[in-house]
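For reference, the structure discussed in these notes is given below.
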Amino acid sequence: MAQKPSIPKGTRDFSPSEMIRRNYIFDTIRNVFELYGYSPIETPAMENLSVLMGKYGEEGDKLLFKILNSGDFINKASDKHLTEKNSTKLTTEISEKGLRYDLTVPFARYVVQHRNDITFPFKRYQIQPVWRADRPQKGRYREFYQCDVDVVGSNSLLNEVELIQIIDEVFSKLNISTVIKLNNRKVLQGIAESFNQPEKIIDIAVAIDKLDKIGIDKVAEELEKNNVNNELILFFKEKISNESFSIDELGKLFEAKNSEIGKQGISELNYITTYISELGLKKSTLELDFSLARGLNYYTGAILEVKACNVEIGSITGGGRYDNLTEVFGLKDISGVGVSFGADRIYDVLLQLDAFPKTTNTSTELMFVNFGEKEEKYCIKLLQSLREKGIKAELYPSSAKLKKQITYANNKQIPFVALIGANEIEENTITIKKMNSGEQVKINFDELVNLIRS
RNA sequence: GUGGUUGUAGUUCAGUUGGUUAGAACGCCUGAUUGUGGUUCAGGAGGUCGUGGGUUCAAAUCCCAUCUUCCACCCCA
């Protein structure tokens, strides 16, 4: 009769064992964020569409989940748009809220809205789910978590340096080797400017970003299609796609063409790489990659992306500097820079590398077997004392067959089981079964505490 | 959004050119073992074959729709 229930496309349930692992990732990331002086905030799952629309480009708007207005929304829609069946125009009349697409735009809104309560520079982190109406694939979901760290109200490049350190710290704690790819939008702008096509910057960015994936020839094809001039295409073909092409060469180009923006991009990159090479990284390598562009078009300065070594998966972290994000909400001259860790992909990477810690101390350490009413009353007091000492313990809730109770402990991987029957109560002892060996010992309460702690 | 792919027991999967009662392994439950799990042995439960419609004497099998899964594009964490 009842149909099997299900969940929407691209969403997932998480079992206890998955949650233990997910929390391990979140806890690690959170600890690093706090170590670097960032404070947590949260924002609502839904935002007004006016906040979200237009921030992610045309494609992004399509990927927003929109929420229908309450009440008789269709009655309030205009007949004109209904009969025209114009979805875009109709949407604005029947929906005014949407689920957040990322954490950066809601954060910008937050900063503007609370500007009087915030002392700048404002360093915050935020770990919450986001939603995208994308077609799901592996490592790509419609609901997923982002872990964002941003600092707004500071132009200092020290922030970029610090973010790279945070990335290195997080992945070294998670035991993942990574490559951090770094570029600067100003460099790309400088290139576009040097070849007299500054207006093509977006097309160029979108095309060149695919270099690793489709190769230089296809990139050139796409640039041609977008009417980018041959001189520029040739430059990409001969220089940018060439491994040995250096930052100094690029600098010379900008000198020759007198591109201020390009020169600035180069000096920013040099600042960051010099700092990082002095500080050193634990488990990551920092690489300049002039083909890195990133789709989100609010970036204006440094852009970076992190890939895990030895795992075929999209980028697991990305971010950059954005100068004008708060401006669209009416607050000028506030620059921000931040990165976003993709917890779900990090989970997949850890799984593939088999890099989750073997011991998870989050589950029960001791279980009391339940022999009956009298024993239960006796055990529950011991249980309370153990919990007060910080030991994770539980009492089997009914006096089921001993076999069933021990099977339960076995499946839950509880290392110690306490058997307290009439004899033990009389003797004031506790029989402990060590589940890994099957060995049993009779001890007292203090000895038990020491045993579990050892 | 475009093109392709997938769905059978709790799980992973068999299932012949459409043909009687849809199978296996693992898991689960019961017992051997009434105070003892992971091993062994014996037995048992569990499926309107994703959903809805169609073709046929007859459909898990063929057709259509729909949902879901995975993949490529697009885009991205």
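None of the values given here were measured: they were computed from a predicted structure. Residue numbering restarts at 1 for every chain, and letters A, B, ... go by the order of the sequence lines.
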Nearest whole angstrom, please: distance from the [atom2] of [N] to the [atom1] of [X].
{"X": "Leu292(A)", "N": "A77(B)", "atom1": "CG", "atom2": "P", "value": "11 Å"}
{"X": "Asn411(A)", "N": "C28(B)", "atom1": "CG", "atom2": "P", "value": "6 Å"}
{"X": "Glu439(A)", "N": "U36(B)", "atom1": "CD", "atom2": "P", "value": "18 Å"}
{"X": "Tyr101(A)", "N": "A77(B)", "atom1": "OH", "atom2": "P", "value": "7 Å"}
{"X": "Lys210(A)", "N": "C76(B)", "atom1": "NZ", "atom2": "C1'", "value": "12 Å"}
{"X": "Leu64(A)", "N": "C75(B)", "atom1": "CG", "atom2": "P", "value": "17 Å"}
{"X": "Lys66(A)", "N": "G1(B)", "atom1": "NZ", "atom2": "C1'", "value": "12 Å"}
{"X": "Lys374(A)", "N": "G35(B)", "atom1": "NZ", "atom2": "P", "value": "16 Å"}

*Arg294(A) with Asp209(A): basic N within carboxylate O range, under 4.0 Å*: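 Salt bridge: no.
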_List the residues meeting side chain to side chain donor-acceptor pair (under 3.5 Å) with Thr273(A), not counting sequence neighbours, and say none if there are none._
none
_Under the rule for side chain to side chain donor-acceptor pair (under 3.5 Å), what residues qualify as partners of Glu162(A), not counting sequence neighbours?_
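Testing Glu162(A) for side chain to side chain donor-acceptor pair (under 3.5 Å), a comparison that skips the adjacent residues, returns Tyr38(A), Lys123(A).
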*Among Ile41(A), Val105(A), Leu103(A), Val152(A), find the one that has a side chain to side chain contact (heavy atoms under 4.5 Å, CB included) with Tyr110(A).*
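Result: among Ile41(A), Val105(A), Leu103(A), Val152(A), Ile41(A) is the only option passing the side chain to side chain contact (heavy atoms under 4.5 Å, CB included) with Tyr110(A).
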Under 3.5 Å, N/O pairs linking protein and nucleotides 65-70 of chain B:
from, atom 1, to, atom 2, distance (Å)
U69(B), OP1, Gly10(A), N, 3.4

*Pick the nucleotide of RNA chain B nearest each of Val306(A) and Ile406(A); which residue has the one closer to the 5' end?*
Ile406(A)
*asked:* Heavy-atom nearest nucleotide on RNA chain B for Lys404(A) versus Lys434(A): which residue maps closer to 5'?
replied: Lys404(A)
Using the [atom1] atom on both, measure [N] against [M] and round to a whole Å.
{"N": "C71(B)", "M": "U66(B)", "atom1": "P", "value": "23 Å"}
{"N": "G18(B)", "M": "A59(B)", "atom1": "P", "value": "13 Å"}
{"N": "C73(B)", "M": "U12(B)", "atom1": "P", "value": "27 Å"}

*Scan for salt bridge (Lys or Arg N to Asp or Glu O under 4.0 Å) pairs involving residues 32-47 of chain A, sequence neighbours excluded, and state none if there are none.*
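Qualifying pairs, neighbours excluded: Glu47(A)-Arg109(A).
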*Any pair with a residue in residues 442-451 of chain A that passes salt bridge (Lys or Arg N to Asp or Glu O under 4.0 Å), sequence neighbours left out, goes on the list, sorted by first then second residue, please.*
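Those involving residues 442-451 of chain A are Glu427(A)-Lys442(A).
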Categorize [X] for me: base, sugar-phosphate, or nothing, with a 4.0 angstrom heavy-atom threshold over every strand shown.
{"X": "Lys307(A)", "result": "nothing"}
{"X": "Glu424(A)", "result": "base"}
{"X": "Ile316(A)", "result": "sugar-phosphate"}
{"X": "Lys401(A)", "result": "sugar-phosphate"}

*B/S/- contact track for nucleotides 38-44 of chain B, protein heavy atom under 4.0 Å*: B------
*If you round to the nearest 0.5 Å, how far is CD1 of Ile303(A) from CG of Leu292(A)?*
4.5 Å
*From Leu286(A) CG over to Ile276(A) CD1, what is the distance, rounded to the nearest 0.5 angstrom?*
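Answer for the CG-CD1 pair, Leu286(A) versus Ile276(A), is 6.5 Å.
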*Distance under 6.0 Å and angle within 45° of ring axis: Arg321(A) vs Tyr299(A)*: no
*Does Arg132(A) count as lying over the ring of Phe144(A), i.e. NZ or CZ under 6.0 Å from the six-ring centre, within 45 degrees of the axis?*
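No, Arg132(A) and Phe144(A) do not form such a contact.
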*Just checking, is any N or O donor in the side chain of Glu394(A) or Thr364(A) under 3.5 Å from an acceptor N or O on the other one?*
yes
*OP1 or OP2 of C76(B) less than 4.0 angstrom from a side-chain nitrogen or oxygen of Arg345(A), does that happen here?*
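False: Arg345(A) side-chain N/O out of range (4.0 Å or more) of C76(B) OP1/OP2.
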*Residues that Asn175(A) engages under side chain to side chain contact (heavy atoms under 4.5 Å, CB included), provided they are two or more places apart*: Lys283(A)
Ignoring the backbone of [X], work out which of [options] is nearest its side chain.
{"X": "Arg294(A)", "options": "G37(B), A77(B), U36(B)", "value": "A77(B)"}
{"X": "Arg132(A)", "options": "U36(B), C76(B), G35(B)", "value": "C76(B)"}
{"X": "Ser315(A)", "options": "G37(B), G35(B), A77(B)", "value": "A77(B)"}
{"X": "Thr431(A)", "options": "G35(B), C75(B), C76(B)", "value": "G35(B)"}
{"X": "Asp134(A)", "options": "C75(B), C29(B), G37(B)", "value": "C75(B)"}

*Base-paired stems that RNA chain B participates in, counting runs of 3 or more Watson-Crick or G-U pairs under 3.5 Å*: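 Result, WC/G-U stems under 3.5 Å: B:1-4 with B:70-73, B:10-13 with B:23-26, B:28-32 with B:40-44, B:50-54 with B:62-66.
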*Can you find a donor-acceptor N/O pair under 3.5 angstrom joining the side chain of Gln440(A) to the base of U36(B)?*
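Side chain to base: pair found, below 3.5 Å.
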*Establish whether the base of C74(B) is bridged to the side chain of Arg140(A) by a donor-acceptor pair shorter than 3.5 Å.*
yes
*asked:* With the stacking rule set at 5.5 Å and 30°, tell me whether Phe371(A) counts as stacking on G35(B).
replied: no
_ring pair (Phe, Tyr, Trp, His ring centres under 6.0 Å) contacts in which one or both residues fall within residues 400-421 of chain A, not counting sequence neighbours_ =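 Pairs touching residues 400-421 of chain A that pass the test: Tyr396(A)-Tyr408(A).
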*Can you pull the ring pair (Phe, Tyr, Trp, His ring centres under 6.0 Å) pairs that have at least one residue in residues 426-454 of chain A, sequence neighbours excluded?*
none
*Near-strand residues of residues 23-43 of chain A, defined as heavy-atom separation under 4.0 angstrom from RNA chain B*: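 When residues 23-43 of chain A is checked for heavy atoms under 4.0 Å from RNA chain B, there are no hits whatsoever.
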*Got more than 12 heavy atoms from elsewhere within 6.0 Å of NZ, Lys389(A)?*
no
Show which side-chain atoms of residues 336-350 of chain A pair as donor or acceptor with protein atoms under 3.5 Å away, not counting sequence neighbours.
from, atom 1, to, atom 2, distance (Å)
Ser340(A), OG, Asp148(A), OD1, 2.7
Asp344(A), OD1, Tyr145(A), N, 2.8
Asp344(A), OD2, Arg12(A), NH1, 3.1
Asp344(A), OD2, Arg12(A), NH2, 2.6
Asp344(A), OD2, Arg22(A), NH1, 3.1
Arg345(A), NE, Gly139(A), O, 2.9
Arg345(A), NH1, Ser315(A), O, 3.1
Arg345(A), NH2, Gly139(A), O, 3.2
Asp348(A), OD2, Tyr141(A), OH, 3.4

